[in-house]
Trainee: 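Before I ask anything, here is the structure I am working with.
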Number of protein chains: 2
Amino acid sequence: MTQRQPLAPDMFDELCPSSLVPFRFGDKWAALVLRCLEDGPRRFSELRVPLHRATPKVLTRSLRTLQRDGLITRTSHPHPDLRVEYALTPLGRSMLTPLNAACAWAADHWEELLTARESYEAP
Amino acid sequence: MTQRQPLAPDMFDELCPSSLVPFRFGDKWAALVLRCLEDGPRRFSELRVPLHRATPKVLTRSLRTLQRDGLITRTSHPHPDLRVEYALTPLGRSMLTPLNAACAWAADHWEELLTARESYEAP
DNA sequence: CAGAATCCGTTTAGATACTG
DNA sequence: CAGTATCTAAACGGATTCTG
């Protein structure tokens with residue numbers, strides 16, 4: 001069984017500094033989705049909690065693209081009630097390595113980026 | 001003095017497999033620009049050779065954004081004739097580490113991505 | 001040389017409402 | 001629950017033309 005950690009919504013807020021850093025893996029939400037799945041499969045509604053800024057439409061598109069590229073799987077259980085689970089494939093999990101490296105760089109350097117932006121805006 | 005290696009245009013073609021991989025650092029050209037500057041400063045016209053798919057407008061925008069974020073510098077030498085050089089800052093150079101890690105992942109896995117896409121399109 | 005200006009089609013994202 | 005449908009606005013990207 002997969003131990004489900006609670007997801008931390010704070011990290012996924014648009015105001016989070018890491019969102020200001022020029023990394024985009026795929027579309028706007030793809031990287032966040034992959035990281036949400038790091039600790040195990042998640043239902044659509046579970047993903048919506050930390051990714052509350054994403055409307056169902058854009059989240060669905062992100063999920064479809066990731067599925068198309070073989071990075072995640074989509075498993076539907078119609079019984080007893082509709083239940084859809086998304087999970088990382090081995091390929092998707094392997095992508096977490098460079099993705100997390102990028103996030104670590106962002107965490108280390110976002111102050112410098114913000115400082116540079118401010119001094120560029122107001123010279 | 002900086003030893004200038006010739007830039008390899010092939011790597012930057014839109015048809016290059018790495019372009020099909022879902023990594024985007026900043027806008028469409030940002031990552032490519034950073035890699036072009038890895039071996040030393042480049043003039044605007046020098047960048048246009050390997051990045052020939054980018055019009056001057058979009059290339060300029062990429063450069064401005066990278067400059068705004070403190071990843072590259074822009075140095076203008078008006079004499080004897082107009083000459084503008086772009087170079088990595090230490091911050092920009094530090095970003096090459098995760099960037100190159102992402103490119104290495106892409107180089108290792110792009111066949112899998114393409115295979116997944118094909119089997120998704122034509123089930 | 002190193003861009004800026006303009007026009008234009010595509011893509012992306014969000015809000016809102018609705019459905020099997 | 002897990003989406004889809006529709007509309008709108010903004011961002012992105014490219015082609016072309018012009019300029020200090």
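So that the names make sense, note that chain A is the first sequence line, chain B the second, and so on, each numbered from 1.
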Trainee: CZ of A:Phe44 versus C1' of C:dT19: gap in Å, rounded?
Mentor: 14 Å
Trainee: Could you check which of D:dG13, D:dA15, C:dC1 has an atom nearest any side-chain atom of B:Ser45?
Mentor: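 Nucleotide nearest to B:Ser45's side chain: C:dC1.
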Trainee: How many Å lie between NE2 on B:His52 and C1' on D:dG14, as a whole number?
Mentor: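 About 14 Å, once rounded to whole Å.
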Trainee: Residues of residues 57-67 of chain A with any non-hydrogen atom less than 4.0 angstrom from an atom of DNA chain C: list those, numerically ordered, please.
Mentor: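 Within residues 57-67 of chain A, the residues near DNA chain C are A:Lys57, A:Val58, A:Arg61.
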Trainee: Which whole-number value in Å describes the distance from A:Arg48 CZ to C:dG14 C1'?
Mentor: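 After rounding, the reported distance stands at 12 Å.
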Trainee: Quick one: pull up SG in B:Cys36 and CG in B:Leu51 and give me the separation to the nearest 0.5 Å.
Mentor: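 Spacing of SG (B:Cys36) from CG (B:Leu51) equals 4.5 Å.
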Trainee: When all nucleic acid strands are considered with a 4.0 Å heavy-atom cut-off, which category describes A:Arg24: base, sugar-phosphate, or nothing?
Mentor: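 A:Arg24: no heavy atom of the nucleic acid under 4.0 Å.
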Trainee: Can you list the steps and then say if A:Leu88 with A:Leu71 is a side chain to side chain contact (heavy atoms under 4.5 Å, CB included)?
Mentor: CA-CA 6 Å; A:Leu88 288 177; A:Leu71 299 169; 5.9 Å; no
Trainee: Given the rule in the side chain to side chain contact (heavy atoms under 4.5 Å, CB included) test, do B:Leu91 and A:His109 qualify, once you have shown the distances and angles that lead to the verdict?
Mentor: CA-CA 8 Å; B:Leu91 182 60; A:His109 297 288; 3.6 Å; yes
Trainee: Taking side chain to side chain contact (heavy atoms under 4.5 Å, CB included) as the test, write out the residues that go with A:Ala87, two or more places apart.
Mentor: A:Pro41, A:Thr73
Trainee: Check for me whether the distance between the ring centres of A:Phe25 and B:Phe25 falls short of 6.0 Å.
Mentor: yes
Trainee: What's the closest nucleotide to the side chain of A:Leu82 if the choices are D:dG14, D:dG3, C:dG20?
Mentor: C:dG20
Trainee: Does D:dA2 have its OP1 or OP2 closer than 4.0 Å to a side-chain nitrogen or oxygen of A:Arg43?
Mentor: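 Result: yes.
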Trainee: Answer yes or no: is there an ion pair linking B:Glu46 with B:Arg48, defined by an N-O contact shorter than 4.0 Å?
Mentor: no
Trainee: Checking side-chain polar atoms at under 3.5 Å, does B:Ser94 have a donor or acceptor matched by the opposite partner on A:Trp105?
Mentor: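 Yes, because at least one side-chain N or O of B:Ser94 sits under 3.5 Å from a partner of the opposite role on A:Trp105.
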Trainee: Expressed as a whole number of angstroms, how long is the span from B:Phe25:CZ to D:dC12:P?
Mentor: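 Whole-Å distance recorded here is 17 Å.
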Trainee: Does B:Arg83 make a side-chain N or O approach to OP1 or OP2 of C:dA2 shorter than 4.0 Å?
Mentor: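 No.
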Trainee: Starting at NE2 of A:His79 and ending at C1' of D:dC1, how long is that distance when rounded to a whole Å?
Mentor: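 In whole Å, D:dC1 C1' and A:His79 NE2 are 14 Å from each other.
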Trainee: What is the distance, rounded to the nearest whole Å, between atom CZ of B:Arg53 and atom C1' of D:dG14?
Mentor: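 After rounding, the reported distance stands at 12 Å.
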Trainee: Using atom CG of A:Asp27 as one end and atom P of D:dA11 as the other, report the distance to the nearest whole Å.
Mentor: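 For the pair A:Asp27 CG and D:dA11 P, the rounded distance is 17 Å.
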Trainee: Just the rounded figure in Å: distance from P of D:dG3 to CD of A:Glu85.
Mentor: 12 Å
